[in-house]
Amino acid sequence: MNFLTIGHRGVMGVAPENTLRSFVAAQEAGLDVIGLDLHLSKDGALVVMHDAEVDRTTDGTGPVAEKTLAELRVLDAGHGARVPVFEEVLAAVRTPLQVEIEDVAAARALAAVMHERDLVGRVEVSSFQAEAITEIARLVPGVRTALIASSYGMEVAERAVALGAATVCLDIRRLTLEVVEHVRASGLRIIGWVVNTHNHLRLVRALELDGATTDFPEIKRTARFTA
C-alpha cells in the first residue's frame, strides 16, 4: 500500500483549520486524504469544527451545540472564512475524506448524509469514542472506521479489533516499535499524527506506518523521498 498523507483539518499549518479554504488548499497540494471534524449545531447541522466550543477558532464564544447554523455562519473562522457544513466540503473537494466524530448523535446525522450521498467509498469515519464508531458501523454497513488514540498501550489493537475498525490513528509521541508490531499482528492499518517535521516523517517511515496526518502540504512532497 502507498504511504498516505492526510491533511489535518485541511492544511491548518498554512490556512485556517476546518475551512473550505483549507480543504481546497489540501486538495491542490495533492494530499491523499483530507481530515475534518464534525459537531452538530443546535438545529442539527453537521458543522465542520474541531472543538465543542467556537472560542479558539472563531471570533465567537460558546458551545457549537448551543448555536443555530445561522448564528455560526456570521462568525469569522479565520481571515474572513466562514464555518462550513459537511455538505459544502463534499461539493468543494473531490479528495477522499477522513471524518472525525465524537458522539452518537453526530454518528446518526452523518449516517443519514452518507446514505443520501452514497459516501461509503469516499469517507472513512474516525473517533476517540467507541460508542460513535459502534453507532456509525451499525447504521452504515461497510463503512470504514478508525480508532484514534492519544494515550494508549498494547491494548489499542484489541480495542480497535473489538470495534471492527480497520485502522488506528496514533499519536506519534507515544508510538513504539513494540506497539507497531502488535498492531500489525492484529491486521490493522496504522496512521501516525501529527507529522510536521522531517524528524517526525523519518520516524513514521522507519516504523513503516501506512500514513501520516500533517498540518503542512510539503510533507506530501518530502514523503516521496523519505524512507
Side-chain angles (χ1 to χ4, degrees), residues 4 6-10 12 17-20 22-24 26-27 31-54 57-58 63-73 75 77 82-150 159-160 162-169 188-189 191 193 211 213:
L4 294 176
I6 302 173
H8 192 209
R9 308 173 201 169
M12 62 177 285
E17 69 178 69
N18 277 326
T19 62
L20 295 181
S22 191
F23 301 139
V24 169
Q27 177 169 276
L31 294 175
D32 302 300
V33 179
I34 295 172
L36 60 89
D37 311 88
L38 295 179
H39 286 278
L40 288 177
S41 68
K42 184 177 181 179
D43 46 354
L46 279 168
V47 177
V48 184
M49 187 172 293
H50 177 268
D51 300 356
E53 293 79 30
V54 303
T57 57
T58 78
V64 176
E66 294 181 6
K67 297 182 183 296
T68 65
L69 179 58
E71 290 170 329
L72 292 164
R73 288 293 206 191
L75 301 178
R82 297 302 168 191
V83 177
V85 293
F86 181 51
E87 292 85 347
E88 289 173 326
V89 181
L90 295 172
V93 295
R94 302 174 305 280
T95 304
L97 303 174
Q98 186 184 77
V99 176
E100 181 178 341
I101 55 174
E102 293 304 328
D103 55 47
V104 168
R108 291 171 180 165
L110 176 59
V113 177
M114 290 188 69
H115 283 299
E116 179 184 343
R117 304 289 186 94
D118 191 22
L119 297 176
V120 172
R122 182 181 176 192
V123 171
E124 178 181 59
V125 182
S126 64
S127 185
F128 285 91
Q129 306 302 326
E131 296 82 2
I133 293 175
T134 299
E135 186 68 359
I136 195 73
R138 182 183 72 84
L139 294 171
V140 186
V143 66
R144 292 170 293 120
T145 58
L147 175 66
I148 313 171
S150 56
R159 288 168 52 203
L163 292 169
T167 301
V168 289
C169 301
L188 300 168
R189 188 174 69 156
I191 302 295
W193 60 269
T213 298

Practice prompt. Give a yes or no answer on whether the side chain of D51 reaches the backbone of T57 with a donor-acceptor pair at less than 3.5 Å.
Written response: no
Discussion item. Can you give me the closest heavy-atom contact between A92 and L20, atom names plus distance?
Written reply: CB-CD2, 4.0 Å
Practice prompt. Return yes if some donor-acceptor pair links the side-chain N/O of S127 with the main-chain N/O of I101 below 3.5 Å, else return no.
Written response: yes
Worksheet item: Among all residues two or more places apart in sequence or in another chain, which pass the side chain to side chain contact (heavy atoms under 4.5 Å, CB included) test with D32?
Response: L4, T5, K220
Worksheet item: Please walk me through it: do I191 and T167 pass side-chain contact (heavy atoms from CB on, under 4.5 Å)?
Response: CA-CA 7 Å; I191 302 295; T167 301; 3.8 Å; yes
Worksheet item: Is a salt bridge present between E88 and R82, judged by a nitrogen-to-oxygen distance below 4.0 Å?
Response: no
Item to complete: Return yes if some donor-acceptor pair links the side-chain N/O of E131 with the main-chain N/O of V104 below 3.5 Å, else return no.
Response: no
Discussion item. Distance check, rounded to the nearest 0.5 Å: Q129 atom CD versus T134 atom OG1?
Written reply: 11.0 Å
Worksheet entry | Side-chain heavy atoms of T58 within contact of L72, under 4.5 Å | no
Worksheet item: Rounded to the nearest 0.5 Å, how far apart are CD of E53 and CD of E66?
Response: 9.0 Å
Worksheet item: Which heavy-atom pair separates V113 from L90 by the least distance, and what is that distance?
Response: CG1-CD1, 4.2 Å
Discussion item. If you define the side chain from C-beta out and look only at heavy atoms, does anything of L40 sit under 4.5 Å from V64?
Written reply: no
Worksheet item: Do the side chain of E17 and the main chain of S22 share a donor and acceptor less than 3.5 angstrom apart?
Response: no
Can you list, pair by pair, the side-chain donor-acceptor contacts under 3.5 Å of residues 136-150, counting residues two or more places apart and other chains?
residue	atom	partner	partner atom	Å
R138	NE	E135	OE1	3.2
R138	NH2	E135	OE2	2.8
R144	NH2	G121	O	3.3

Worksheet item: From E87 CD over to E116 CD, what is the distance, rounded to the nearest 0.5 angstrom?
Response: 7.5 Å
Discussion item. Any heavy-atom pair between the side chains of L38 and V99 that's under 4.5 Å?
Written reply: yes
Practice prompt. Quick one: list whatever passes side chain to side chain donor-acceptor pair (under 3.5 Å) with H39, sequence neighbours left out.
Written response: none
Discussion item. What I'd like to find out is whether the side chain of D37 reaches to under 4.5 Å of the side chain of V48, using heavy atoms alone.
Written reply: no
Worksheet item: Quick one: does E71's side chain have a donor or acceptor within less than 3.5 Å of a partner on T68's backbone?
Response: yes
Worksheet, complete the sentence: So CG of L110 and CG of L46: to nearest 0.5 Å the spacing works out to 6.0 Å
Fill in: Within-4.5 Å side-chain heavy-atom neighbours: C169 and E100
no
Fill in: Heavy-atom closest contact (F23 atom, V93 atom, distance)
O-CG1, 3.6 Å
Worksheet entry | Nearest atoms (heavy-atom pairs only) where I34 meets I6 | C-CG2, 4.5 Å
Discussion item. Contact between V125 and M114 at the side-chain level, heavy atoms closer than 4.5 Å - yes or no?
Written reply: yes
Discussion item. I'd like to check V85 versus R73 (side-chain heavy atoms, cut-off strictly below 4.5 Å). Are they in contact?
Written reply: yes
Fill in: Gap separating the CD atom of Q98 from the CG atom of L36, nearest 0.5 angstrom
9.0 Å
